[in-house]
Amino acid sequence: MEQDYHQLEANIDHENTNKEYAPPSSAHIIGLDSWQQVGLMLVTSLNCGYVLSFSNLMLVPLGWKWGITCLLVVGFYSAYANWLLASFHYINGQRFIRYRDLMGYVYGEKMYYITWVLQFMVLTLGNMGFILFGGEALKEVNSILSDHPFRLQYFIIISGLGFFMFAFFIPTMSAMRAWIRASTVITFSYTIILLVLMIKEGKTNSAKNSYEIPGSKVGKVFNGFGAISAIVACNTTGVLPEIQSTLREPAVKNMRKAIGLQYSLGLVFYYGVSIVGYWAYGSEVSEYLPKELKGPNWIKVLINLAVFLQTIVSQHMYVTPIHETLDTNFLQLEESIHSKENIKRRIFLRFAFFAGNTFVVTALPFMGNFVNLFGSLALIPVTFVFPSMIFLKVKVKTSRIENNMWHCFNAVLFSLLAVVSTISALRLIVNNVRQYHFFADS
């Protein structure tokens, strides 16, 4: 971190095979996976349980006109920003397998820690949200099958235990191969069933649905910015360099292929569920779409079980960078990750992480409002601002002035959006704080 970052040469070797540099130290596998595997992992992980809340979070505060416009604009910018970030996997022949390492190399030690804090915030809050969604899916099954369902907290604990077991037995992203295929089948199956049921019910409901945007004039503006944060959250991961590190060479070209799959096939499904859900149920749509379904109980049970199983797999992509950091720092790297000593250490690390996350969720089971907060406070800078900042530092001498101006505009615009949408998210939480209480059975 003591080197002069201002002396970087303004060139990027996109297809460098990294023969001049030793691979960065990591307890996890680097450079093994195909772009198809990573592409399907992105598609299925972004089509996760969160999708079932997006009609309420994204479209209710914006309505049809602004909602569709923002979906398209944010989707385009997200695709471009990730495409750009993928190109910085190599700088001056050096490979960067962690976002914080990349930002530290380009902007110094302070940005290293800022990036890591923002990522940790996104990944931890996101993982808590996954645990909550898994618990809600199980409780919905219990509510369908029983007149006296158990409290939500019991199912949150079951969900957290399932996440822990999966993270222990499938310790890395590369180890997810067969599980990604299974997750793909489950994801597309429950999504298609859900779409069919919502279209069927929407034909009956749409004529009497209200699509009015709720709230006062000021409230509509703030809620709209909060919805934009949720759209950002549904389009990106915040850990693209960590995901790209698993790809075999050429890593840049393969990452861009995976991104293409995510923003074509993947986007159709998670945007489709959000739009159809809003059309079918209007501005009164639930924060959890399966609650709206009027179909046979066995179909609702099937959908909720599929959501639970798929959520276990999906969350692993988001939380693996934290596992990688813990494993790299606390496991014995000279031994196999499956050695007796490393298994004992891995059990402790995974259990401590998921036990802490699960306890917080059982005490505060209302993570929906926090999706907007971590989307605005962390994901907007990490997704939109930082890639343009890297471009302006690394390519400024060789790029045309209009390209530099474009990325400068992006950095300023999205920094302002992050500030405004963070204020909006905090305002929403403050307005709803009276509805919160510890260990609520919500």
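Keep in mind that the numbers below use all heavy atoms, side chains included, and drop hydrogens, waters and symmetry copies. If you read the sequence from its start, that first residue is 1, and numbering goes on from there.
Not counting sequence neighbours, the partners of F164 by the ring pair (Phe, Tyr, Trp, His ring centres under 6.0 Å) test are F351. Every ring pair (Phe, Tyr, Trp, His ring centres under 6.0 Å) that W179 has, sequence neighbours left out, goes to F166. Considering only residues two or more places apart in sequence or on other chains, F359 meets the side chain to side chain contact (heavy atoms under 4.5 Å, CB included) condition with T362, F439. Evaluation of the ring pair (Phe, Tyr, Trp, His ring centres under 6.0 Å) rule for F130 yields Y50, Y318 as partners, not counting sequence neighbours. Under the ring pair (Phe, Tyr, Trp, His ring centres under 6.0 Å) criterion, F354 pairs with H323, sequence neighbours left out. Here S274 pairs with nothing under the side chain to side chain donor-acceptor pair (under 3.5 Å) rule; sequence neighbours left out. Residues that satisfy the side chain to side chain contact (heavy atoms under 4.5 Å, CB included) test with S159, not counting sequence neighbours, are I131, F163, F308. Shown here are the side chain to side chain contact (heavy atoms under 4.5 Å, CB included) partners of S189, two or more places apart in sequence or in another chain: V185. Considering only residues two or more places apart in sequence or on other chains, P321 meets the side chain to side chain contact (heavy atoms under 4.5 Å, CB included) condition with L123, M173, V239, E242.
With a 6.0 Å radius and a threshold of 12 heavy atoms from other residues, nucleotides or ligands, E212 has its CD atom at or below the threshold. Within 6.0 Å of atom CD in E284, 12 or fewer heavy atoms from other residues, nucleotides or ligands are found, so the atom counts as exposed in its surroundings.
In this structure, H89 contributes its side chain and F96 its backbone to a donor-acceptor pair below 3.5 Å. Using a distance-only test at 3.5 Å, with no hydrogens or angles considered, no donor-acceptor pair links the side chain of R248 to the main chain of G31. No donor-acceptor pair closer than 3.5 Å links the side chain of N254 to the backbone N or O of W35. The backbone N or O of S55 lies less than 3.5 Å from no partner atom in the side chain of Y281, so there is not a single donor-acceptor pair. With hydrogens and angles ignored, the 3.5 Å screen pairs no side-chain donor or acceptor of H316 with any backbone N or O of I312. Checking side-chain atoms of Q315 against main-chain N and O of C48 turns up no donor-acceptor pair under 3.5 Å. In this structure, R346 contributes its side chain and I337 its backbone to a donor-acceptor pair below 3.5 Å. The backbone N or O of I30 sits nowhere less than 3.5 Å from a side-chain atom of S245 that would complete a donor-acceptor pair. With hydrogens and angles ignored, the 3.5 Å screen pairs no side-chain donor or acceptor of Y278 with any backbone N or O of G67. Under the 3.5 Å distance criterion, the side-chain polar atoms of T328 are left unmatched by any main-chain donor or acceptor of T325.
Counting heavy atoms from C-beta on, the side chains of T246 and Q37 never come closer than 4.5 Å. The shortest side-chain heavy-atom distance between F348 and F330 does not fall under the 4.5 Å cut-off. In this structure, I91 and L102 have side chains that are in contact, with non-hydrogen atoms separated by less than 4.5 Å. Residues L42 and T237 have side chains in contact (heavy-atom distance under 4.5 Å, counting atoms from C-beta outward). For the pair I213/N223, no side-chain contact is recorded, criterion being any heavy-atom separation below 4.5 Å from C-beta on. Counting heavy atoms from C-beta outward, I156 and L132 have side chains that approach closer than 4.5 Å. By the 4.5 Å heavy-atom criterion applied to side chains, F120 and I322 are counted as neighbours. Between M58 and C70, the closest side-chain pair of non-hydrogen atoms is not below 4.5 Å.
Between L289 and G277, the shortest heavy-atom contact is CD2-CA, 4.1 Å. Closest approach of G49 and V307 over heavy atoms only: CA-CG1, 4.3 Å. Between I243 and V38 the shortest heavy-atom distance is CG2-CG1, 3.6 Å. Here the closest non-hydrogen pair linking A86 and Q244 is O-NE2, 3.1 Å. Residues R177 and S174 share a closest heavy-atom pair of NH1-O, 3.2 Å. Contact detail for Y90 and R95: the closest heavy-atom pair is CE2-CB, 3.4 Å.
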Discussion item. Apply side-chain contact (heavy atoms from CB on, under 4.5 Å) to residues T191 and V273 and explain how you reach the verdict.
Written reply: CA-CA 7 Å; T191 301; V273 169; 3.5 Å; yes

Discussion item. If you apply the rule side-chain contact (heavy atoms from CB on, under 4.5 Å), what do you find for L417 with I228, and how did you get there?
Written reply: CA-CA 9 Å; L417 178 62; I228 292 172; 4.2 Å; yes

Fill in: side-chain contact (heavy atoms from CB on, under 4.5 Å) between M198 and W279, worked out
CA-CA 9 Å; M198 289 193 302; W279 166 77; over 6 Å; no

Item to complete: Kindly indicate, with the supporting measurements, whether the criterion side-chain contact (heavy atoms from CB on, under 4.5 Å) is fulfilled by F384 and L413.
Response: CA-CA 9 Å; F384 299 117; L413 173 66; over 6 Å; no

Discussion item. Applying ring-ring contact (aromatic ring centres under 6.0 Å, His included) to Y77 and F414, what does each step give before you reach the verdict?
Written reply: CA-CA 11 Å; Y77 265 97; F414 286 106; 5.1 Å; yes

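A side-chain contact (heavy atoms from CB on, under 4.5 Å) with M41 is found for exactly one of D33, I180, L46, namely I180. Partner of H407 under the side-chain contact (heavy atoms from CB on, under 4.5 Å) criterion, chosen from I390, V396, L84, V412: L84.
Atom CG of L379 and atom CG of L118 lie 9.5 Å apart (nearest 0.5 Å). Between the NZ atom in K110 and the OG1 atom in T115 there is a gap of 12.5 Å [rounded to 0.5 Å]. Separating the CH2 atom in W83 from the OG atom in S87 is a distance of 6.5 Å, to the nearest 0.5 Å.
Counted by atom type alone, T187 and Q310 present one or more donor-acceptor pairs between their side chains at under 3.5 Å.
Residue pairs meeting the salt bridge (charged side-chain N to carboxylate O under 4.0 Å, His left out) criterion with at least one partner in residues 52-70, sequence neighbours excluded, do not occur; the list is empty. Applying the salt bridge (charged side-chain N to carboxylate O under 4.0 Å, His left out) test to residues at least two apart or on different chains, the pairs with a partner in residues 313-328 are R98-E324, D327-R350.
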Kindly list each side-chain donor-acceptor pair under 3.5 angstrom involving residues 260-272, sequence neighbours excluded, with atom names and distances?
unit_1	atom_1	unit_2	atom_2	d
Q262	NE2	N235	O	3.1
Y263	OH	N82	ND2	3.1
Y263	OH	N235	O	2.5
S264	OG	G260	O	2.6
S264	OG	L261	O	3.2
Y270	OH	N235	OD1	3.4
Y271	OH	L71	O	2.6
Y271	OH	N235	ND2	2.9

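Ring geometry for Y288 against F133 counts as tilted: the plane angle lies between 30° and 60°, on a 0 to 90° scale. Aromatic ring pairs are classed by plane angle as parallel below 30°, tilted from 30° to 60° and perpendicular above 60°; the pair Y211 and W64 is tilted.
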